[in-house]
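Report on the following structure.
Just so you know, ligand 1 is whichever comes first in the structure, and atom 1 is the first atom listed for that ligand.
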Amino acid sequence: ISAMRAPYLEGLNAEQREAVEALDGPVLVLAGAGTGKTRVLTTRLAHLLATRRAYPSQILAVTFTNKAAREMKERIGRLIGGVVEGMQWLGTFHAIGAKMLRRHAELAGLRSDFTILDADDQVRLMKQIIQAANIDEKRWPARQLATYIDGWKNRGLTPGKVPAGEAQSFANGKGAELYQAYQLRLKVLNAVDFGDLLLETLRIFQEHPEVLVEYQDRFKYMLVDEYQDTNVAQYLWLRLLAQKNRNICCVGDDDQSIYGWRGAEVDNILRFEKDFPGAKVVRLERNYRSTPHILGAASGLIAANEARLGKTLWTEENEGEKVRISSYWDGEEEARNIAEEVESLQRKGHMLHEMAILVRASFQMREFEDRFINLGIPYRVVGGPRFYERAEIRDANAYLRLVAQPDDNLAFERIVNKPKRGLGEVALQTIHQLANARGVSLMRAAREIITTEELKPAPRRALAGFVEMVERWRALVPGMPHTELAEIILDESGYTEMWQNDKSAEAPGKLENLKELVRSMEQFDDLQGYLEHISLVMEIESQDTGDKVNLMTLHSAKGLEFDTVFLPGWEEGLFPHQRSLDQSGVAGLEEERRLAYVGITRARKLSYISFAANRRIHALWQSAIPSRFIDEIPKEHVEVAESAMGASSFQNYAPSRFSQDFASGSDYSSPGWKRAQTMTRTTSKVRPPNLEVSAELVATSDPAAASYRRGERVFHQKFGYGEVTAIDGNKLTVDFDKAGRKKVIDSFLERV
Ligand code: ATP
Ligand code: MG
């Protein structure tokens, strides 16, 4: 097909077309946001197919997310007309790695039906490995080991290749040994973790040249999106596969490298030109996505970074609106105003799915979700669970539910051994058995079991401790503010501590979420009101269709675009994040700035940046300072929104100014607060059955106890045969033939 007859090539600019048509040899497209890199990659793929340079199965195309892979497939279909079958090798590194590994599983000592472990399974397994090696798991937590091992895998390092110095950093030099043991254990289980999907295929390529050659011949063309965020293992993998045909096209933007913390190496861009000499480097400078003001704001901001290759961007779009900067009293007000703006835009005809709220930290989502739920604005959380669906939030809520409603079995099961209290499978089975036999709740069964010898002393003590703790909290409910109680519960239960001791990358975010949870409870009158809110929130299903506002982290927004983008929380300590400020050197700060650049450049038409003067991050109110990134945006591209407080420039927006306005009684009526009140009122109707009342019911509905007699022969699953010597309600003292005298519960006994 000549270019003349290829409609998909029309509309591309000269440089884009050059990148699409340079089919042979290595190509690197290095260009800023919105310049059409992804579009070039997609068109190139379409071009390969349309010109019959390759069959669909001969093209390897790597995207950063599964969603991006699906979209690319659809777009190619539209470009060349009709559905494209057989694009088996279009996907993420993980998906493609998994597919290859299944085909050659035996070469990695696996069966082709191997399981892929998720992060939780991975940590659980590492715990066992650490324990088996007699290493103190408290001192050397499994999650920390997981972080090390992931890091090594990202760098393509098998256990034998871990540098001695680094192996030293875990468990006094046992790092590499544990890594080895973990790998062996995975093999026994016929399992792999995410890192293995690439590392194991890489190893197969290295150890079995015939397999490598098979793939080198198969993949006539290779294409890679978001190249700036590849890690070393991925780079080595690509390089091996491309070495023979050398038809590899990578597109990326060094200014959008935001996964350094996960092992991504921008240096891969520089390495490319070295490893593929003669590579064609195409630069795209025309941005098709955003208005000049948005582009100017983003370009001005990123210019403050030193570590960058540097590039210019221009656009022919109409000038458009300036980036709007607003300041708010606190996060609640910020969420309220943004939600109002969303509604107002919707009334003007904007679609909800063309709006996105991009946050730096996942805890920020909570305020928006609550707001949207209250106002009935449909929303979706992209790239992660919704706030209240996060594991740590579910755990915390389970504690609160159990205190308010001791008969809540799901809550009981979820947290009875979280953090670990030494209540293993056996103990839990025993509790279940009694609860089933009696038709009572797990909590009630537990309370009974601790007065007997059904459990070994250690788990019995642990369970007793747990039951007493929950009862103590329950007694505090009437006399203490529920937020304070929640703090006490998270504290005394050891749940917060569990995450404090956790050295994994996710732990700090989880602790932030827990604090945010406690904060969110303030808007309710009491614990009941809060729990009712939660049950309503959890009911709203999170299906992904329909017109919905998008809520996501900045990290998940990479590659996406929306008409309108809201960027809340631009405050020092939140964005740039404190962790990056605590680091020595500017690398962390520059990665944050790239993240800001990614954020602004997601917008086509409207971009709103905001900050709150007060934010409660670490349990205390902190007056926040506007992010330095706000100052770095050239003034000609921003407009400081007239706020209710009447300031005209954000330099005036010092926290003290806010405090004055607040003290002088400026408007701070919160509709959300009123709504929360109404909600609380309706909830009291569905208060769970009161404990004391149902305890009576249980006692009267259980006549079994009365039917044992002293001197009767009985059998007990654990203790064997014996003779009843005393009866105290449903608790019997039995002289067992082998186990001696024990106090047991009647329903564990059988007559003989
Ligand atoms: P990012 O760096 O954010 O991933 P990108 O460089 O991959 O951006 P694309 O997403 O491919 O950019 O393109 C940005 C927008 O510009 C898309 O809506 C795309 O359809 C549009 N676009 C790209 N090239 C052209 C063109 N030649 N004519 C019209 N629109 C274009
Ligand atoms: Mg892109």
Within a radius of less than 6.0 Å around CZ of R283, do more than 12 heavy atoms belonging to other residues, nucleotides or ligands occur?
no
Between R366 and E369, does any NZ, NE, NH1 or NH2 come within less than 4.0 Å of an OD or OE carboxylate oxygen?
no
When you measure from atom 21 (C) of ligand 1 to every protein heavy atom, which one gives the shortest distance, and what is it?
Y288 CB, 3.7 Å
For N287 and T315, does a side-chain donor sit closer than 3.5 Å to a side-chain acceptor?
no
Taken to the nearest 0.5 Å, the spacing of K510 NZ from S362 OG works out to 9.0 Å
Tell me, which protein residue and heavy-atom name are nearest atom 4 (O) of ligand 1, and how many Å apart are they?
G559 CA, 3.7 Å
Got the closest protein heavy atom to atom 20 (O) of ligand 1, with its distance?
R39 NH1, 3.2 Å
So the atoms of ligand 1 within less than 4.0 Å of a heavy atom of G11 turn out to be 26 (C), 27 (N), 28 (N)
Between A339 and L375, the two heavy atoms sitting closest are CB-CD1, 3.7 Å
Decide whether the shortest distance between a heavy atom of R602 and an atom of ligand 1 is less than 4.0 Å.
yes
Would you say the side chains of Y8 and H47 form a donor-acceptor pair under 3.5 Å?
yes
Would you say K37 and ligand 1 have an N/O pair spaced under 3.5 Å apart?
yes
Once you restrict to heavy atoms under 4.0 Å, what part of Q256 touches ligand 1? Side chain, backbone, both or neither.
side chain
Atoms named by residue and atom, protein N, O or S, within reach of the Mg ion (ligand 2) (under 2.8 Å)
T38 OG1
Can you sort out which atoms of ligand 1 are near G32, meaning under 4.0 Å from one of its heavy atoms?
6 (O)
For the side chain to side chain donor-acceptor pair (under 3.5 Å) test, which of T38, T42, T63 pairs with D225?
T38
Just to confirm my output: which protein heavy-atom neighbour is closest to atom 10 (O) of ligand 1, and how far is it?
R289 NH2, 3.1 Å
Is the closest side-chain donor-acceptor distance between N13 and R286 under 3.5 Å?
no
Identify, for atom 24 (N) of ligand 1, the protein heavy atom at the shortest distance, and state residue, atom and that distance.
Q16 NE2, 3.0 Å
Begin from the C-alpha positions of Y235 and D275 and carry the test side-chain hydrogen bond (donor to acceptor under 3.5 Å, both in side chains) through to its verdict.
CA-CA 11 Å; Y235 177 75; D275 285 344; 2.3 Å; yes
Can you tell me which residue and heavy atom of the protein come closest to atom 17 (C) of ligand 1, and the distance to 0.1 Å?
E561 OE2, 3.3 Å
Mind checking whether I630 and F575 have side chains closer than 4.5 Å, heavy atoms only?
no
Distance-only N or O hit between ligand 1 and L12, under 3.5 Å:
no
Suppose we measure from atom 9 (P) of ligand 1 to each protein heavy atom; which comes out shortest, and what is that distance?
G36 CA, 3.7 Å
Considering only heavy atoms from C-beta outward, does the side chain of M355 approach that of D563 to under 4.5 Å?
no
Does T601 come within less than 4.0 Å of ligand 1, judged by its heavy atoms?
no
Nearest to atom 8 (O) of ligand 1, what protein heavy atom do you find, and at what distance?
G34 N, 2.9 Å
Is R246 positioned over the aromatic face of F276, cation under 6.0 angstrom from the ring centre and no more than 45 degrees off axis?
no
In this structure, is the centre-to-centre distance between the rings of F368 and Y379 below 6.0 Å?
no
